[in-house]
Each structure stands twice: as C-alpha cells, then as structure tokens.
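Hydrogens, waters and symmetry mates play no part in the numbers below; they use all other heavy atoms, side chains included. Sequence positions, counted from 1, serve as the residue numbers for this chain.
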Amino acid sequence: ADGEIEVWAEDLTGLFVCAARGMYFLAGVILQPEPRFSRSLRLIAPDDEDLLVSFLNELLFFWEQYNQAFDSFQLCLRDHRLQAEVWGAPIQTAVCQIKAVTYHRLAIAFQDGFYRTHLVFDL
C-alpha cells in the first residue's frame, strides 16, 4: 500500500522539517519519553528533490536499524547540501512501517510564497 502527504513551508528548511514530521505522523509514530539523543547528518545530492528523499531515507534507516525517530530538527541547506542535527528517542509505537520514500509525483515547487511538494511512501 502507499501513503501520501502534501507539505508546504515558507522555506526549504521548513519543507524538509514538515516532510519528516509528516512522514512520522502518517505512520502513527509515538516516541518514548526517555532516553533522548541526537544524531548528526551530512548529505549531498544533485537537486533538492533527491536531497529530500535522501534525508527521509536516512531517518527511515534509523527507524529500521535502531527503532529510533526524531521530533526536533536543526537543518542547514545550501547548494544541495544538508547539515542536520536531529533529536529524538526510541519509538514506543507505530501504526505502520514505512518501507521507502518514492519519487512518484515528487517535485518541489515555489508558488504563492510557499515551497510545496507531495510525498508518496511505500507502506
């Protein structure tokens, strides 16, 4: 099955954060209150769409390998490079598991003062 979200924000950084939060919301992720931890991420991609998919896939990696998710984000985007510090906790529950972020309908557009995109996930 597939799940889809639409996200928008005033800047690309906000769009990436909304995409991550939307992904977790779609899956019904609830974090344990403790222990809290942080992770540092550095990603490079040929364009913003690939960078967004890489970012979300990196978050999915931590979910699949370590049962961890994130609810606080500090991102720096420049020239299709992402430096991020993310904070989170172990996952307490999730309604479903997201297997992958797809490229279906993925296009980041700027219109009416907002960056917008649709994200489709393989559930």
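Between L75 and V17 there is a side-chain heavy-atom pair separated by less than 4.5 Å. Two residues are said to be in side-chain contact when any heavy atoms from C-beta on lie closer than 4.5 Å; L60 and I98 meet this criterion.
Sorted by first then second residue, the side chain to side chain donor-acceptor pair (under 3.5 Å) pairs that include residues 114-123, not counting sequence neighbours, are E4-H118, R105-H118. Sorted by first and then second residue, the salt bridge (Lys or Arg N to Asp or Glu O under 4.0 Å) pairs with a member in residues 72-82 form an empty list; sequence neighbours excluded. Pairs passing the salt bridge (Lys or Arg N to Asp or Glu O under 4.0 Å) check and including a residue from residues 32-56, sequence neighbours excluded, read R36-D71. Applying the salt bridge (Lys or Arg N to Asp or Glu O under 4.0 Å) definition to pairs two or more places apart or across chains, none involves residues 60-69. Sorted pairs that involve residues 88-99 and meet salt bridge (Lys or Arg N to Asp or Glu O under 4.0 Å), not counting sequence neighbours, are lacking altogether. Applying the ring-ring contact (aromatic ring centres under 6.0 Å, His included) rule to pairs touching residues 71-109 yields nothing, sequence neighbours excluded.
Evaluation of the side-chain hydrogen bond (donor to acceptor under 3.5 Å, both in side chains) rule for S72 yields no partner, not counting sequence neighbours. Partners of S40 according to the side-chain hydrogen bond (donor to acceptor under 3.5 Å, both in side chains) rule, which considers only residues two or more places apart in sequence or in another chain, are E85. Annotation: side-chain hydrogen bond (donor to acceptor under 3.5 Å, both in side chains) contacts of Q97 (sequence neighbours excluded): W63.
Contact between L51 and L77 at its shortest, heavy atoms only, is CD2-CD2, 3.5 Å. Of all the heavy atoms in P90 and P35, the pair that sits closest is CD-O, 3.3 Å. Pairing each heavy atom of A20 with each of L59, the nearest pair is CB-CD1, 3.6 Å.
Here W8 is tied into one hydrophobic group with F114, each link being a pair of ILVMFWY side chains closer than 4.5 Å.
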Run the side-chain donor-acceptor check on residues 23-33: report pairs under 3.5 Å with partners two or more places apart or on a different chain.
| residue | atom | partner | partner atom | Å |
| --- | --- | --- | --- | --- |
| Y24 | OH | F70 | N | 3.4 |

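Within 6.0 Å of atom CD in Q65, more than 12 heavy atoms from other residues, nucleotides or ligands are found, so the atom counts as buried in its surroundings.
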